[in-house]
Every structure is written in structure tokens, then in C-alpha cells.
Amino acid sequence: MNETQWIHELLDSSGSAIGFRVREHLHHEQSDFQTIDVYESTDFGRLMALDGCWMVTQRENFIYHEMLAHPALYSLEAPNHVAIIGGGDCGTLSEVLKHDSVLSAIQIDIDERVTRVSEQFFPELCASNDDPRVSLLFEDGMAWIAGCDEGSQDVILVDSTDPVGLAEELVSETFFRQCHRALSDQGIIGMQSESPLLHVELLKTLRLRLANAGYSDIRHHLFPQPCYPSGWWCITLARKSGQFQDTPCRNVNERMECRYYNAAIHQASGVYPTYLRAAFDDE
Ligand code: SPD
């Protein structure tokens, strides 16, 4: 590719597209599970797409990864054991490792190639992978959670692709029940949960399944994410017991050098627009 070119993720269901101007197609492969592409863009740094869907850009992945990790970890006094299901690019893992209380961080992604490609093209996301607290497992997250020791994890983060195909099981009530069993008494599950504009029905379904699986409180945090459908995204948190506070339950460590997350964002991102409040009130 000598000249620049626009590459789009097409979103049929919403009649829209998210595109970037790219100058080079750095990598393409078909792994055992999906296609993996890496591009050099003109304005957003390197981009990774899985099966044609944007996953990570160098310019703005910090927003997503910080928001998946920190609202969950800052809802506990001292999270010790964290599991990440999916997350093969290691961006979420690198945020989790910023917490001194974390003693173990296990990442379970079915596709080892995503991690290897990330190590090559997104080394900044993988810089902490040699941390002695880290275990990288390449296996099916559903099978792993079924075999996970009861009460062994304080936080389980689900950093999946969109919930179709490979990732569909990761939004099932069965999966949420398995996570509930694997969580410690105060434990928290956090998951990427798509666009609060385009996927309200999915959010309602997640809330119902999490409640059915026994979680005591459910919260969403909303944030901008330019490379994902609608440019607006959210995570969903659910507690095994007790209620979430609106604010972080301990001081946010300034040495963590977060570029998006802070105590005010923790609180503000948990406020819902009127139409979402109404959608959830209907439950
Ligand atoms: N529409 C894509 C949603 C993908 C969310 N996961 C991205 C993985 C980044 N670590």
C-alpha cells in the first residue's frame, strides 16, 4: 500500500461505519479462530482489527483499558487476585498490574496469536507481561472458569470481542454463574458491554442474566471510545454481595499515571442519561 487508504468497520445493524485513514497494512493472518490485521494509520497510530472489527488503536486504547480495569479494582479495598478473560492484546492486564494490592493476574485468551501480534506491534501494551504476578493462559475462558477454584478471584474482567460467535458464551447466564462461584465474597465481575446508544437491549439482557445468576448490585460506566461503534462505549460491573459506592472506595493512586480514569471520572461515568434510566426502570 503506497498511498493512504480508508479502511472501515461496517456496522450493518446501525447503518454506520467507523473508518481510519491508513498508510500501511503491517500484518494479516488467519489464526485458528479469527483474522488478525494490523495497520499503520495516519492519525491514530497502529490499529488492530479482529475479523474486521477494530479492537485497539494506539491513540485511544487507554480510555477503554483504564475504564475496564479501574472502576472494578477501585470498588474494592484491596483486590489481590484478578482474572482477565479475553484481553489477548494485554492492555487490560497492564492496567490491572498498576495496582500494588494485586498478587496474581491470570489472563485467559483462546487465541495466542493475538498476544504474539500485540507483543510485536503494540509492545507498550505488553511491557508488563514479564511481571512475576502474571500468568498468560491460552485456552477457552468458558472451560477455564468452570474449573476455577471456588472463591479464588477477587475480580474477573471480561475483555471480549463483540458478543457474537466466539464471545457469545461470555454473556450467558451459565458463564455469569460460573464467575459468581469463582469470585470471593466481595468479588466483582466487570465486562465490556458495547454501546450504550446502540445496544440498550443487550444491556437489559445482561442485567437480567446477572441478577438471575445471583449478583447483588449492577452498575455501568460510560465513556467515549472513538474506534468502537457509535464512538461511545460502556462497561458493566456486578458484585457478588453488597452495594457499589458512587465513588472509588480508596484514594486513587496518582503514581498510576492514568490518562483518563480518576476519582471524578469514576463517579461521573456511572451517571446514566435519561433514556437509559428509563430503560432500566422498566425492569
Ligand atoms: N467492538 C469491539 C469491542 C471489543 C472490545 N474488546 C477490545 C479488546 C481490547 N483489549
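Only this structure's heavy atoms are used, side chains among them; waters, hydrogens and symmetry mates stay out. Remember, it's 1-based here, ligands and their atoms both numbered in the order they're listed. Because the structure is predicted, anything quoted here is derived from the model rather than measured.
- Residue T161 has no N or O atom closer than 3.5 Å to an N or O atom of ligand 1.
- When heavy-atom distances to ligand 1 are checked against a 4.0 Å cut-off, W233 comes that close only through its side chain, counted from C-beta outward.
- Cation-pi geometry between R59 and F44 is satisfied (NZ or CZ under 6.0 Å from the ring centre, within 45° of the ring normal).
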Mind running side chain to side chain contact (heavy atoms under 4.5 Å, CB included) on L50 and F33 for me, showing each step along the way? CA-CA 10 Å; L50 299 181; F33 303 98; over 6 Å; no
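- Within the cation-pi definition used here (under 6.0 Å to the ring centroid, within 45° of the axis), R239 qualifies as a partner of F244.
- Using modelled atom types, one finds a donor on one side chain and an acceptor on the other under 3.5 Å when comparing H28 with D37.
- Residue D159 has at least one heavy-atom neighbour below 4.0 Å for each of these atoms of ligand 1: 6 (N), 7 (C), 8 (C), 9 (C), 10 (N).
- At a 3.5 angstrom cut-off on N or O pairs, W54 does not count as close to ligand 1.
- Using modelled atom types and a 3.5 Å distance limit, the side chains of T4 and R21 yield no donor-acceptor pair.
- Contacts of S160 with ligand 1, taken as heavy-atom pairs under 4.0 Å, involve the backbone alone.
- By the 6.0 Å contact criterion, CD on E257 is open, its count of non-hydrogen atoms from other residues, nucleotides or ligands being 12 or less.
- Taking distance alone, with nitrogen or oxygen atoms compared against 3.5 Å, E9 stays at or beyond that limit from ligand 1.
- Residue contact check: H65 has heavy atoms under 4.0 Å from atoms 9 (C), 10 (N) of ligand 1.
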